[in-house]
Amino acid sequence: MRWSRFYLNTVREVPRDAEVASHRLMIRAGMIRKVAAGIYTYLPLGWRSLSKLETIVRGELAKADCIELSMPAVQPSELWMESGRWDRYGNELLRITDRHDREFCFGPTHEEVITDLVRHDITSYRQLPVNLYQIQTKFRDEIRPRFGLMRGREFLMKDAYSFHADGSGLEETYQDMRRAYDRIFTACGLDFLRVEADSGAIGGSVSHEFMVTAKTGESVVVQCPKCGYGANQERAEAGDLEAPEPQESTLASEVATPGKTGVEEVAEFLKVDPRRVVKTLVYDTDHGVVAVAIRGDRELNEVKLGNFLNTTAVELAGEATILAATGAPVGFAGPVGLAPDVRFLADESVRALTAFVCGANKGDAHLTDVEWGRDAAPEAWGDFLTVDADDPCGRCGSPLQVSRGIEVGHIFKLGTKYSEPMGCTFADENGSDRAMEMGCYGLGIGRTVAAAIEQNHDENGIIWPLPLAPFEVLVAPLSDRDPALLEVAEKLYAELAAQGVDVLLDDRAERPGVKFKDADLIGFPVRLVIGGKSLAEGKVELSLRRDREKMAVSVTDAVEKVAELLQREQPGETQ
RNA sequence: CGGGGCGUGGCGCAGCCUGGUAGCGCACCUGCUUUGGGAGCAGGGGGUCCCGAGUUCAAAUCUCGGCGCCCCGACCA
């Protein structure tokens with residue numbers, strides 16, 4: 001491909017509204033252009049990277065016997081009513097009405113459509129398992145789209161769905177898909193983690209997320225370097241925390257703590273270890289008001305609380321609710337003497353505490369020397385803790401590590417969550433009808449490409465892992481006037497292209513500086529510069545974007561050397 | 001939805017407070033020079049100042065209403 005005939009326009013000024021590197025660089029490099037909030041045009045250069053990822057995905061899924069099809073983006077409301085999600089999915093579901101006033105939605109995911117398909121075609125256990133996927137445009141009306149392709153409203157997703165006669169069949173395919181995902185992200189040349197995750201709105205029992213590690217990632221990942229345990233922070237569980245020194249207990253007594261609402265303030269004021277202060281948080285849920293006690297120095301995990309209560313509607317209560325529940329303004333809630341209609345739960349982190357401090361449920365007052373059992377008792381103990389770095393691993397006790405990642409894939413065991421309500425059944429060996437076990441497997445195409453940039457860039461631009469680079473090699477003659485330069489450039493370009501190398505010829509009438517800056521910005525993994533000085537000695541200049549080290553190679557060796565470098569840049573090769 | 005900010009040639013911005021000629025840099029076009037890290041000089045083209053209403057002799061500027069966009073928090077591939 002010749003630059004002059006490819007639709008590729010880089011931009012010098014950094015766009016004002018792009019904050020993160022991948023967003024900025026994709027716009028500057030001419031890969032995407034915004035059309036509306038969270039909605040982008042994929043320009044030819046960007047589309048090439050996305051297509052390369054799609055090719056990798058297709059190849060690896062084929063090995064897992066996952067079969068491609070394509071479902072409609074626009075889906076009738078009836079199917080969503082059957083599954084119950086028409087009402088439950090909320091505002092993220094873009095609902096549209098046709099000319100006959102029939103309701104449709106633009107698909108954010110395709111469980112309903114695929115289940116409808118399979119229930120009509122599959123009737124016997126002999127036809128199972130079935131594993132189908134598509135790569136398709138989804139729309140989720142996100143509350144806040146941001147970061148370019150990282151969180152768009154319209155986005156490309158690979159979504160796969162499997163159907164099984166029983167749990168063991170599901171387990172087998174789930175593991176096949178897990179391995180396929182491992183292969184896909186490895187083949188992309190990305191550093192990634194596979195972690196246990198909360199299954200969220202899609203539902204189901206078991207799920208794993210694939211995270212591309214990046215400092216700017218939106219997800220927080222907990223891992224154990226010793227035993228390999230890894231989980232999304234939303235789900236991560238720790239072992240028992242080290243308890244603060246036990247304390248002699250006297251009778252619970254009230255102390256005045258005027259204006260001291262935060263745990264830090266109270267601990268300092270009363271000269272106690274913050275770990276011996278019990279923090280009581282009041283939540284509004286669709287199961288009524290719930291108070292939860294947790295150790296003063298720790299954060300509560302609302303996802304865990306929601307799971308415990310079997311709801312997603314968990315919100316910190318407002319002042320009025322807190323006053324009604326505790327009889328005190330915000331900042332003085334405690335386990336002793338809560339209103340009778342308030343459910344009281346406690347995190348394991350406070351279970352071992354003795355003679356602790358807590359809010360008095362009374363303005364400007366706290367209680368000291370409070371004891372579980374004697375003074376207060378939760379309705380239930382549970383794990384509501386947000387795990388932090390250095391907490392002990394629940395499996396092996398080693399200190400956990402916390403890092404950030406970008407969620408690029410998520411695989412779920414759905415069980416019969418959709419097959420049951422939608423009547424997706426089959427006849428088993430005994431001829432009786434059973435709901436199919438289902439799995440579903442998502443992978444964000446645009447997000448993965450954005451994550452690759454997030455993980456691989458410098459101040460000059462993108463540093464593509466070879467498999468996702470829009471072009472592998474740039475051939476750049478430094479002048480458009482010197483016929484000798486052009487002749488060599490054309491020849492090398494033609495030879496590389498003939499060998500099947502993805503090569504772009506920078507045939508623009510631009511000055512050298514412009515060509516270098518653009519080459520760095522777009523991040524061609526291999527660059528072949530043809531300049532007057534070196535060509536006088538029969539040489540051209542070869543360099544890798546990754547290290548920018550320049551090598552002079554003779555014109556006759558150039559193509560071979562490029563092939564060697566490309567080989568070295570393949571993931572898995574030592575560099 | 002809560003909190004903050006922005007909307008002025010293609011892009012990045014100034015002008016607005018204190019109403020009166022729409023301006024700068026980049027990009028673009030023409031010419032000359034230049035040609036190994038975003039060139040120089042000269043000339044040139046291009047703007048419903050987000051939309052609507054109001055105030056005023058006069059509105060980019062003041063007032064009201066709308067729309068769009070971005071950033072920080074709860075959602076997710």
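Worth knowing before you read on, the calculation uses all heavy atoms, side chains too, and leaves out hydrogens, waters and symmetry mates. Numbers restart at 1 for each chain; the letters A, B, ... are given by sequence-line order, proteins then strands.
Distance, A/Leu94 CG to B/rC75 P: 21 Å, rounded to whole Å. Atom-to-atom, CD of A/Glu234 to C1' of B/rC75 comes out at 9 Å; the value is rounded to the nearest Å. Straight-line distance from the CZ atom of A/Arg144 to the P atom of B/rC70: 9 Å, rounded to whole Å. We find that CG of A/Asn91 is positioned 18 Å from P of B/rA74, with the value rounded to whole Å. Residue A/Arg548 contributes atom CZ, which lies 18 Å from atom P of B/rG36 at whole-angstrom precision. The distance from atom NE2 of A/His23 to atom P of B/rC69 is 13 Å, rounded to the nearest whole Å. One can place CG of A/Leu542 at 16 Å from C1' of B/rG36, the figure rounded to the nearest angstrom. Rounded to an integer number of Å, the gap from CD of A/Glu142 to P of B/rC75 is 11 Å.
Contact annotation: A/Lys34 reaches the phosphate of B/rC70 (side-chain N/O to OP1 or OP2, under 4.0 Å). The side chain of A/Arg24 contributes no N or O atom lying less than 4.0 Å from OP1 or OP2 of B/rC11. Residue A/Arg511 has no polar side-chain atom (N or O) positioned under 4.0 Å from OP1 or OP2 of B/rG40.
Partners of A/Glu407 under the salt bridge (Lys or Arg N to Asp or Glu O under 4.0 Å) rule, at least two apart in sequence or in another chain, do not exist in this structure. By the side chain to side chain contact (heavy atoms under 4.5 Å, CB included) test, A/Pro467 is found to be paired with A/Ile56, A/Pro465, A/Pro571, residues two or more places apart in sequence or in another chain being considered. Considering only residues two or more places apart in sequence or on other chains, A/Phe516 meets the ring-ring contact (aromatic ring centres under 6.0 Å, His included) condition with none of them. By the side chain to side chain contact (heavy atoms under 4.5 Å, CB included) test, A/Asp159 pairs with A/His110, A/Gln134, A/Lys138, A/Met157, A/Tyr161, sequence neighbours left out. Remark: A/Asp482 engages A/Ser479, A/Ala484, A/Leu485 in a side chain to side chain contact (heavy atoms under 4.5 Å, CB included) (not counting sequence neighbours). Listed by chain and number, the residues in a side chain to side chain contact (heavy atoms under 4.5 Å, CB included) with A/Asp284 are A/Val289, A/Ala317, A/Thr321 (sequence neighbours excluded).
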Pair A/Arg151, A/Glu218 - check salt bridge (charged side-chain N to carboxylate O under 4.0 Å, His left out), show working. CA-CA 10 Å; A/Arg151 179 180 298 278; A/Glu218 289 188 272; 3.2 Å; yes
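Nearest nucleotide to the A/Glu407 side chain, out of B/rC71, B/rA77, B/rG38: B/rA77. Of the listed nucleotides (B/rA74, B/rG38, B/rC71), B/rC71 has the atom at the smallest distance from the side chain of A/Phe147. The side chain of A/Arg146 sits closest to B/rC71 out of B/rG38, B/rC71, B/rG36. Considering only side-chain atoms of A/Ile143, the nucleotide from B/rA77, B/rU35, B/rA74 that sits closest is B/rA74. In this structure, of B/rG38, B/rC75, B/rA77, it is B/rA77 that holds the atom nearest to the side chain of A/His410.
Side chains of A/Val555 and A/Lys491 form a contact here, defined as non-hydrogen atoms less than 4.5 Å apart.
Sequence order on RNA chain B of the closest nucleotides to A/Pro145 and A/Arg481 puts A/Arg481 first from the 5' end.
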Quick tally for nucleotides 25-32 of chain B: nucleotides whose base has a protein heavy atom under 4.0 Å get B, sugar-phosphate-only ones S, the rest -, giving BSS-----
Using atom names, set out every protein N or O paired with an N or O of nucleotides 3-9 of chain B below 3.5 Å, distance rounded to 0.1 Å.
unit_1: B/rC6; atom_1: O2'; unit_2: A/Arg16; atom_2: NH1; d: 3.3
unit_1: B/rC6; atom_1: O2'; unit_2: A/Arg16; atom_2: NH2; d: 3.4

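Residue pairs meeting the salt bridge (charged side-chain N to carboxylate O under 4.0 Å, His left out) criterion with at least one member in residues 50-61 of chain A, sequence neighbours excluded: A/Lys52-A/Asp502, A/Glu54-A/Arg58, A/Arg58-A/Glu68, A/Glu60-A/Lys63, A/Glu60-A/Arg183. Counting only residues at least two apart or in different chains, salt bridge (charged side-chain N to carboxylate O under 4.0 Å, His left out) contacts with residues 468-477 of chain A are absent.
Taking atom C1' on both nucleotides, B/rC26 is separated from B/rA39 by 14 Å, rounded to a whole Å. Nucleotides B/rG47 and B/rC13, compared at atom C1', are 15 Å apart to the nearest Å. A distance of about 10 Å separates the C1' atoms of B/rU61 and B/rU18, rounded to the whole Å. With both ends at atom C1', the span from B/rU21 to B/rG15 equals 13 Å, rounded to whole Å. Annotation: B/rG9 and B/rC50 have their P atoms spaced 8 Å apart (nearest Å). Taking atom C1' on both nucleotides, B/rG10 is separated from B/rC28 by 9 Å, rounded to a whole Å. Separation of the P atoms belonging to B/rG23 and B/rG31 is 27 Å when rounded to the nearest angstrom.
With A/Ser4 as the partner, the side-chain hydrogen bond (donor to acceptor under 3.5 Å, both in side chains) test is satisfied by one option alone out of A/Asp506, A/Asp480, A/Asp507: A/Asp507.
Near-neighbour residues of RNA chain B inside residues 512-520 of chain A, defined by a heavy atom below 4.0 Å, number-ordered: A/Pro512, A/Gly513, A/Val514, A/Phe516, A/Lys517, A/Asp518, A/Asp520.
Side-chain atoms of A/Ser534 and base atoms of B/rG36 include a donor and an acceptor less than 3.5 Å apart. One can find a donor-acceptor pair under 3.5 Å joining the base of B/rC76 and the side-chain atoms of A/Arg447. Not a single donor-acceptor contact under 3.5 angstrom links the side-chain atoms of A/Arg140 to the base of B/rC76.
Pairing of B/rC67, defined by two Watson-Crick or G-U wobble distances under 3.5 Å, is identified with B/rG7. Nucleotide B/rG37 has no partner under the Watson-Crick or G-U criteria, as no pair reaches both atom distances under 3.5 Å. Taking a pair to require two hydrogen-bonding distances under 3.5 Å in either a Watson-Crick or a G-U wobble arrangement, B/rA60 remains unpaired. The partner of B/rG2, taking Watson-Crick or G-U wobble pairs whose two distances both stay under 3.5 Å, is B/rC72. When both distances must be under 3.5 Å, the Watson-Crick or G-U wobble mate of B/rU30 is B/rA42. The pairing partner recorded for B/rC24 is B/rG12, the criterion being a Watson-Crick or G-U wobble arrangement whose two distances lie under 3.5 angstrom.
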For residues 190-197 of chain A, which side-chain donor-acceptor pairs fall under 3.5 Å, sequence neighbours excluded?
unit_1: A/Arg194; atom_1: NE; unit_2: A/Asp182; atom_2: OD1; d: 3.3
unit_1: A/Arg194; atom_1: NH2; unit_2: A/Asp182; atom_2: OD2; d: 3.1
unit_1: A/Glu196; atom_1: OE1; unit_2: A/Arg235; atom_2: NE; d: 3.4
unit_1: A/Glu196; atom_1: OE2; unit_2: A/Arg395; atom_2: NH2; d: 3.1

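The closest side-chain donor-acceptor pair between A/Thr173 and A/Asp176, if any, does not fall under 3.5 angstrom.
For the pair A/Arg95 and A/Trp86, the cation-pi criterion (under 6.0 Å, within 45° of the ring axis) is fulfilled.
Ring geometry, A/His410 versus A/Phe412: the interplanar angle falls under 30°, so the pair is classed parallel (tilted spans 30 to 60°).
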